Amino acid sequence: MASFTLHGIPVSRGIAIGRAHLLKPAARDVRHYLVPEERVEAEVRRLTEAIAAVNAELQAVRRDLPADAPSELAAFIDVHALILADPIIAEHPLKIIRSRHYNAEWALLSQIDELSAQFDEIEDAYLRERKNDILQVGERILKVLTGSAGSLPATEPAAPGDYAPQMIVVAHDISPADMLQFRDRAFVGFVTDLGGQNSHTAIVARSLDIPAAVGMANASSLISEDDWIIIDGDAGIVIVDPAPVVLEQYRSAQTKLLRERKKLGKLKKTPAVTRDGTFIHLLANIELPEDCASALDAGAVGVGLFRSEFLFMGRTGHGGKLPSEDEQFESYRKAVTAMKGRPVTIRTLDVGADKPLDKDEETALNPALGLRAIRYCLSEPQMFLTQLRAILRASAYGPINLLVPMLAHAFEIDQTLSLIAQAKQQLRDARHKFDEGIRVGAMIEIPAAALTLPLFVKRMDFLSIGTNDLIQYTLAIDRVDHEVAHLYNPLHPAVLQLLAMTISAGAKAGIPVAVCGEIAGDTRLTRLLLGLGLREFSMHPAQLLAVKQEILGSDLSLLEPVARKVLKVYEPAAIAEAVERLSLV
């Protein structure tokens with residue numbers, strides 16, 4: 001077979017080399033037929049029993065998690081259990097069987113297809129990726145219904161040369177729970193047709209430090225069982241049936257990477273100080289309180305972004321209740337106490353009004369430009385006050401920074417600060433303790449915010465640049481859309497100008513500025529950001545040590561003049577050349 005290369009989305013760095021093991025989705029084998037009236041209730045029981053079997057399976061997986069399993073795995077299994085219990089999965093397909101006489105598999109798939117279409121309308125990349133969790137839960141149920149559970153190969157095929165064969169899982173999609181069955185095998189990477197930077201499988205891949213490439217479209221149909229494949233996790237490419245010379249090149253690169261990673265492990269307790277003596281704050285982005293363990297293990301000096309959306313997912317549709325104040329408080333308190341006195345920055349709810357599970361609400365024509373993030377919170381003040389009180393109460397247990405997303409107008413800032421003051425007074429009246437001096441910051445993720453920074457530095461205690469959205473809004477592209485993803489460019493001169501303006505404005509006003517988007521964890525840009533004046537980086541814990549290594553080898557006095565030159569050029573080649581010079585300083 002001739003060698004070929006597939007291009008997808010890089011989500012976990014590194015190189016994996018091994019034989020392909022394909023997991024075929026059960027949905028491909030589903031039959032569609034109508035059930036006669038006298039068999040409807042039997043079909044309902046068949047689906048109910050399948051759901052119960054999957055629930056028992058998830059609980060067993062959760063119970064038997066190894067002690068060294070990443071905290072994300074337990075949390076994501078819990079999420080799948082919650083989805084399984086939600087009426088959208090547990091009840092609505094049963095109604096479809098009774099009303100339309102569909103067989104169980106068809107009823108389940110029709111419900112999942114409808115939900116999937118609703119999630120596709122969401123502009124927020126993190127929330128849109130939650131569609132895959134529903135698909136993965138549906139896949140588990142279908143495997144029980146069809147008896148087509150995936151299996152591991154009994155023995156690994158022989159490999160050429162002296163290299164032991166290792167397994168790379170290739171699937172349409174793979175759930176975090178399913179990843180556990182490969183954990184104790186020779187599983188060195190995975191490739192999926194679906195997924196993006198924020199999918200749970202991507203998050204788990206980064207936590208396990210396993211090379212992965214997702215969003216590969218047709219990989220599972222183009223790759224055959226037992227094919228030799230290479231995953232280049234940095235580039236997001238998969239090479240199928242590589243030529244011997246290519247295989248040898250990647251094996252050499254893989255050996256070099258392993259040596260470098262062993263060296264990085266020795267930096268965990270080393271302070272992030274530049275060669276000229278400047279301390280740089282390296283913080284962690286987390287989704288769950290349980291993520292604090294990996295943040296501390298990586299040497300993070302705090303949490304720069306705790307995404308609170310996780311508590312709200314799957315809670316708005318079909319009569320579901322939003323998380324209570326006490327439920328939110330417990331989650332925030334757990335994170336704060338886990339960080340042992342290090343600061344935790346909690347971002348207030350960053351979702352849109354395009355509730356994907358709420359069929360009674362009309363979907364916004366363009367949710368990215370609609371009622372989302374702080375706009376949504378201000379339109380639902382009681383919900384917002386509930387979250388604010390929960391965050392404030394947790395601040396009695398350790399240092400918390402309160403971060404507000406998507407602010408653009410002075411009146412939005414003022415209304416937000418007014419509601420925070422109201423929440424404080426409500427807690428005083430109820431005699432709840434909280435940090436009266438809690439710091440309040442704004443996310444700079446809309447070009448309008450970056451161009452009107454005097455409004456922000458006068459009112460806020462700190463700024464955090466959400467580069468993922470800032471780049472997308474500035475360049476008017478959706479990086480998850482494969483047709484325009486190639487236009488997503490953090491080195492576009494417009495993006496660089498907005499970054500530099502924000503960092504400079506914070507420095508002049510004497511307030512901290514952090515970057516919490518993905519570029520904070522990109523070592524190719526570390527020296528550029530340092531040269532522009534950035535002193536706080538917040539990233540996934542798995543990226544922290546590599547960024548620290550760049551910082552330890554940097555001299556700010558040498559970087560700053562070169563970084564200023566980057567801002568003076570506009571041609572892509574000139575920018576790339578200037579950034580390359582920074583790597584040599």
Side-chain angles (χ1 to χ4, degrees), residues 22-63 76-121 130-151 171-178 180-181 193-194 200 220-221 313-321 355-360:
L22 268 63
L23 290 184
K24 297 292 185 182
R28 288 186 182 179
D29 303 319
V30 167
R31 294 173 57 213
H32 293 191
Y33 56 88
L34 294 175
V35 177
E37 180 67 41
E38 63 271 16
R39 286 191 50 224
V40 164
E41 288 308 314
E43 199 68 7
V44 166
R45 281 195 302 276
R46 194 164 75 89
L47 180 53
T48 302
E49 289 169 0
I51 292 171
V54 171
N55 184 57
E57 185 180 280
L58 287 175
Q59 297 309 318
V61 170
R62 179 74 165 80
R63 184 179 61 251
F76 295 154
I77 292 168
D78 290 342
V79 169
H80 283 199
L82 285 171
I83 292 171
L84 190 68
D86 193 287
I88 61 172
I89 296 295
E91 296 177 12
H92 283 260
L94 306 181
K95 293 178 182 178
I96 292 173
I97 295 173
R98 290 189 173 108
S99 61
R100 305 181 199 171
H101 288 201
Y102 286 4
N103 63 305
E105 294 90 341
W106 189 6
L108 179 64
L109 270 180
S110 64
Q111 173 69 3
I112 288 172
D113 286 345
E114 184 176 343
L115 290 169
S116 179
Q118 292 169 359
F119 268 90
D120 286 338
E121 298 296 324
R130 303 291 70 80
K131 174 185 84 171
N132 287 340
D133 293 305
I134 293 176
L135 294 177
Q136 289 165 1
V137 170
E139 177 71 9
R140 295 185 81 89
I141 300 170
L142 287 172
K143 282 180 178 179
V144 173
L145 287 170
T146 61
S148 59
S151 60
H172 187 61
D173 195 16
I174 180 170
S175 74
D178 285 338
L180 284 175
Q181 69 176 312
D193 298 340
L194 302 181
H200 283 169
S220 64
S221 57
M313 288 311 302
R315 304 291 290 269
T316 57
H318 302 298
K321 293 181 180 179
K355 308 183 189 76
L357 304 184
D358 192 341
K359 296 181 180 179
D360 298 327

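The first residue of the sequence shown is numbered 1, and numbering continues consecutively from there. What you are looking at is a predicted structure, and each value in this text was computed from that prediction instead of being measured.
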Any chance you could lay out the side chain to side chain contact (heavy atoms under 4.5 Å, CB included) test for V137 and V54, step after step, and finish with the verdict?
CA-CA 9 Å; V137 170; V54 171; 5.5 Å; no
Could you tell me which non-hydrogen atom of A53 sits nearest to which non-hydrogen atom of V144, and how far apart they are?
CB-CG1, 4.2 Å
How far apart are the closest heavy atoms of P93 and A107, and which atoms are they?
O-CB, 3.6 Å
Main-chain N/O of [Y] paired to [X] side chain as donor or acceptor, under 3.5 Å:
| X | Y | answer |
| --- | --- | --- |
| D193 | S220 | yes |
| E105 | L142 | no |
| H101 | P36 | no |

Do the side chains of R46 and E41 get close enough for a salt bridge, i.e. N-O under 4.0 angstrom?
no
Check ion pair E43-R39 (N to O, under 4.0 angstrom):
yes
Atom [atom1] of [X] and atom [atom2] of [Y]: how far apart are they, to the nearest 0.5 Å?
| X | Y | atom1 | atom2 | result |
| --- | --- | --- | --- | --- |
| N103 | I96 | CG | CD1 | 11.5 Å |
| H80 | R140 | NE2 | CZ | 8.5 Å |
| L108 | L145 | CG | CG | 7.0 Å |
| I88 | E114 | CD1 | CD | 10.5 Å |
| I141 | E139 | CD1 | CD | 10.5 Å |
| I77 | L84 | CD1 | CG | 13.0 Å |

Note, [X] side chain near [Y] side chain (heavy atom, < 4.5 Å):
| X | Y | result |
| --- | --- | --- |
| H32 | L109 | yes |
| L94 | T48 | yes |
| I112 | I89 | yes |
| D78 | L58 | no |
| L34 | Y102 | yes |

